[in-house]
Amino acid sequence: MENPALNLHAVADDGRPMATVLAIASGKGGVGKTNIAANLAVCLAAANQRVLLLDADLSLGNLDLLMNLHSKYNISHVLSGRKSMEEIIQTGPQGVRVVCGASGLERLADISEGEHCRLIQHLGRLQRETDTILIDTAAGISRSVIGFCLAADGVLVVTTPEATAMADSYGMIKVLARKGYAGPINLVVNMACSLAEGKQTYQRMADVAQRFLQTTVYYAGTLLKDERLCAAVRSRTPVVLAYPKSQISESLAAVATRLGGTRRPVGPDDSFFRRVIRWLN
Ligand SMILES: Nc1ncnc2c1ncn2[C@@H]1O[C@H](COP(=O)(O)OP(=O)(O)OP(=O)(O)O)[C@@H](O)[C@H]1O
Ligand SMILES: [Mg+2]
């Protein structure tokens, strides 16, 4: 099923629109989340969106490598007061802004009330200065990954056609469904051998989620296995810039277009970061 891209703009307390937040998650590791996050960010920025990428995978995060950035600092330096938010943000290709090490947010439970408020203000400002925030989460269904997903306006679940990846992605969808997640859950099938295999993989997952979880999973697209993506990683360039005319780049652009308009109805307390903290505490 195609995602019915709802175009409701989130609005901040001061009346200004706030960024839409999309969390990219998988269950199983190594299925392509980081590459998809980086490439979607570049595609959305090329369509004149102000994009912020949050690397929420502190242990294995390699978003900075992929965007050819050299990050010394992350959110933990902001939490400890050693750096300001502006100082830790880096600018990658196509003007995409990147925050490394957002899983430092997990430490929020331990910080003082004053620090808490300051951080929320910093992060809220980021959300007002941005059109789309993409969160590259860690593999697995840890509390922090689930917290980021539950706080996001939409979730993009990545799977491959492999049975183990499908089982783990289904596990992720199941947790979101059980927690009553209200945003759209989209599925992208990566490393497929053919479009037909991708669509079949999607259909199987969507059918099972509908039948056992009464949850709709939307089709975000299929990305074929492509050696050019590996070559792009080696040259530290997102594939949509390294091989813009390739089929995989066109497929990534199509996924970006499908997800670009995803919104969910706005509640009174609409700061993404406030929601993350609520879920983590
Ligand atoms: N469509 C594709 N075709 C070929 N190789 C791919 C494709 N997508 C991803 N890869 C390769 O798979 C590997 C894992 O990709 P990536 O780091 O994006 O996955 P991940 O889900 O973020 O992993 P982790 O769970 O460790 O964070 C990379 O080496 C990448 O080159
Ligand atoms: Mg990754």
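When a ligand or atom number is given, it counts from 1 through the structure's own listing order. Heavy atoms only: backbone and side chains are in, while hydrogens, waters and symmetry mates are out.
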* Asked: How does Val233 reach ligand 1, by side chain, by backbone, by both or by neither, if only non-hydrogen atoms under 4.0 Å count?
  -> side chain
* Asked: Has the side chain of Tyr181 got a donor or acceptor atom that lies under 3.5 Å from a matching backbone atom of Gly154?
  -> yes
* Give a yes/no answer: is there an N/O/S atom of Asn35 under 2.8 Å from the Mg ion (ligand 2)? => no
* May I ask whether Leu224 and Val31 are part of the same hydrophobic cluster, defined by side-chain heavy atoms of I, L, V, M, F, W, Y residues being less than 4.5 angstrom apart, directly or through others? => no
* Test side-chain contact (heavy atoms from CB on, under 4.5 Å) applied to Met172 and Ile146, Ile185, Thr159, the passing residue -> Ile146
* Asked: Considering only heavy atoms, which of Arg234, Arg228, Glu227, Met191 lies nearest to atom 2 (C) of ligand 1?
  -> Met191
* Asked: What atoms of ligand 1 come closer than 4.0 angstrom to any heavy atom of Leu229?
  -> 6 (C), 7 (C), 8 (N), 9 (C), 10 (N), 30 (C), 31 (O)
* **Polar atom proximity, Thr34 to ligand 1 (N or O, under 3.5 Å)** => yes
* Using a distance-only test with no angle check, is there a side-chain donor-acceptor pair under 3.5 angstrom linking Glu162 and Thr160? -> no
* Just jot down the ligand 1 atoms closer than 4.0 angstrom to any heavy atom of Gly29, in number order. => 25 (O)
* Give a yes/no on ligand 1: does Val31 have at least one heavy atom closer than 4.0 angstrom to it? => yes
* Asked: In terms of side-chain heavy atoms, does Glu87 have a donor or acceptor partner in Ser84 at a distance below 3.5 Å?
  -> yes
* Distance-only N or O hit between ligand 1 and Lys225, under 3.5 Å -> no
* To do: Is it possible for you to say whether Ile248 and Met191 belong to one hydrophobic cluster, with membership spreading through side-chain heavy-atom contacts below 4.5 Å?
  => no
* Asked: Purely on distance, is any nitrogen or oxygen of Lys28 under 3.5 Å from one on ligand 1?
  -> no
* Asked: Among Gly30, Ala139, Ser251, whose heavy atom sits nearest atom 26 (O) of ligand 1?
  -> Gly30
* Asked: With a cut-off of 6.0 Å (strictly less than), are more than 12 heavy atoms of other residues, nucleotides or ligands near CZ of Arg204?
  -> no
* Asked: Is ligand 1 less than 4.0 angstrom away from at least one heavy atom of Leu224?
  -> yes
* Structure fact -> Check: of Ala37, Gly32, Ala231, Ser26, min heavy-atom distance to atom 19 (O) of ligand 1 comes from Gly32
* Structure fact -> Under 4.0 Å from one or more heavy atoms of Ile248, ligand 1 contributes atoms 1 (N)
* To do: Test Tyr218 against every option in Leu187, Asn186, Leu259 by the side-chain contact (heavy atoms from CB on, under 4.5 Å) rule and name the one that passes.
  => Asn186
* Would you please say whether a donor-acceptor pair under 3.5 Å links the side chains of Thr34 and Asp136? => yes
* Asked: Taking both backbone and side-chain atoms of Asp226, is any N or O found less than 3.5 Å from an N or O belonging to ligand 1?
  -> yes
* Structure fact -> Within 4.0 Å of some non-hydrogen atom of Asn190, the atoms of ligand 1 are 1 (N), 2 (C), 7 (C), 8 (N), 9 (C)
* Should Thr132 and Leu134 be marked as a side-chain contact (heavy atoms from CB on, under 4.5 Å) after you check the CA-CA gap, both sets of side-chain angles, and the distance that decides it? -> CA-CA 6 Å; Thr132 301; Leu134 297 174; 4.1 Å; yes
